[in-house]
Amino acid sequence: MPGPTIRVRQGERLDRVFLNNLPQPSTIHWHGIRIDNAMDGVPELTQSAVPPGGSFDYGFTLPDAGTYWYHPHNRTWEQLARGLYGALIVEEPEGPDVDRDEVLLIDDWRLTETAEIAEDFGAMHDWSHGGRIGNWITVNGNGYWSSEARQNDRLRLRLINASNARIFSLSLKGLSGWVVALDGQPLDVPEAAGQLVVAPAQRVDLIVDVTADAGSEASLVSHERGGSYAVAVYRVGPAAADRRTEAPEPLPANPLSLPGPLTTARTVDLVMDGGAMGGMRGAVLNGQDTDIRTLVSQGKAWAFNGQAEMTDTPLLSARTGETIRIRMDNRTRWPHAMHLHGHHFRQVLDEERMGPLRDTLLMQSGETTEIAFVADNPGNWLLHCHMVEHSAAGMMTWLRVG
Ligand code: C2O
Ligand code: CU
């Protein structure tokens with residue numbers, strides 16, 4: 001692990017046969033792609049889970065350039081934690097002027113004292129708290145990832161948080177530069193890269209210059225409660241050229257529809273409840289009001305609009321092309337990484353200002369925020385927390401478009 005990095009050009013088609021050699025059913029979800037709904041890889045919503053020994057033909061075009069990834073969408077809390085994921089890179093027709101383009105898939109693993117994967121999948125304590133947080137951080141599957149670079153090199157770094165639930169707080173040392181894209185979508189104007197908070201499933205594209213001296217190290221540093229650690233290291237060699245002085249050009253925008261006037265847009269509410277210390281007394285499970293003790297005994301600990309499970313009816317049905325606002329109210333004591341399938345959205349900051357396009361938004365405990373997007377991709381699409389224990393324990397709903 002990780003799985004192979006798949007690189008395709010923007011507008012091209014990707015065809016892959018998924019052969020399931022696992023002892024459990026699985027699917028592949030192509031995270032962040034504005035994909036044909038039938039290829040989205042969501043069991044029971046867009047396809048049946050592929051049984052052990054079975055296969056599924058995935059084939060779709062890639063409308064947007066950027067940094068994406070793929071991962072299973074069945075028992076994700078186990079399959080992802082065991083390392084089933086890889087990067088999916090969609091290249092711009094003309095990429096930025098850099099010396100190197102590098103994928104850095106960041107993960108945390110929960111290992112036992114003998115360095116085996118801890119088998120405590122499904123532990124209710126994780127599911128009702130912050131999810132399965134690991135004790136061993138890797139980049140591209142390596143706990144001591146390192147590489148070479150030359151002083152003054154300009155690198156494109158594609159950070160992908162593939163962990164089940166860990167929010168990474170990262171910074172650069174001996175590297176300085178700009179954030180040029182988030183969740184695959186270019187920023188209108190590159191922003192100076194400072195502290196980078198990367199929630200599960202989020203991506204950050206950076207263009208950075210190696211500023212460390214030859215003979216020293218440049219690194220990506222993770223800030224944890226117990227201290228700061230270099231998770232990826234470049235050993236810096238002598239410069240081959242002068243340091244560039246110009247900031248990178250913005251990456252070319254992708255052909256997305258941007259939300260229209262918000263005043264006329266329909267707004268739907270999503271109330272997020274539950275989790276440890278959240279005081280949720282009960283929620284609907286199997287169509288019935290269920291008290292919290294019973295919910296927990298069934299592996300549920302969270303609820304969206306009072307439902308601890310996927311419902312037969314969607315959270316909303318949108319006309320194709322309709323601008324939708326979803327007001328999300330996090331009444332839990334935990335942060336959540338809210339992910340919408342098949343679309344990118346913008347966070348509504350106020351009636352005039354919107355945040356960058358994203359497919360996964362980190363929400364803090366107690367925060368209420370709105371997202372807006374054009375529902376222009378027909379089909380059934382999930383909206384869920386990407387802390388995968390949370391979605392399994394109730395934080396999952398869906399929308400219908402068209
Ligand atoms: Cu990467 Cu439904 O998720
Ligand atoms: Cu969550």
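Whatever order the structure lists them in is the order used to number ligands and atoms, beginning at 1. If you read the sequence from its start, that first residue is 1, and numbering goes on from there.
Tested against His339, the residues His343, His336, His341 include a single ring pair (Phe, Tyr, Trp, His ring centres under 6.0 Å) partner, His341.
Aromatic ring centroids of Trp334 and His390 lie 6.0 Å or more apart.
Residues Glu119 and Arg82 are paired through a salt bridge, judged by an N-O separation under 4.0 Å between the basic side chain and the carboxylate. The residues Asp120 and Arg132 are annotated as salt-bridged, a charged nitrogen and a carboxylate oxygen being separated by less than 4.0 angstrom.
Between the side chains of Thr67 and Asp205, at least one donor N or O lies within less than 3.5 Å of an accepting N or O. Side-chain contact of Ser216 with Asp213: a donor-acceptor pair under 3.5 Å is absent, judged by distance alone. Checked by atom type, the side-chain pair Asp329/Thr368 shows a donor-acceptor distance below 3.5 Å. Under the 3.5 Å distance criterion, with hydrogens and angles disregarded, a donor-acceptor pair is assigned to the side chains of Ser171 and His223.
The set of protein atoms (N, O or S) found at less than 2.8 Å from atom 1 (Cu) of ligand 1 reads His31 ND1, His71 NE2, His386 NE2, by chain and number.
Take the Cu ion (ligand 2) and draw a sphere of radius 2.8 Å; the protein N/O/S atoms inside it number 3.
Ring geometry, His71 versus His31: the interplanar angle falls from 30° to 60°, so the pair is classed tilted.
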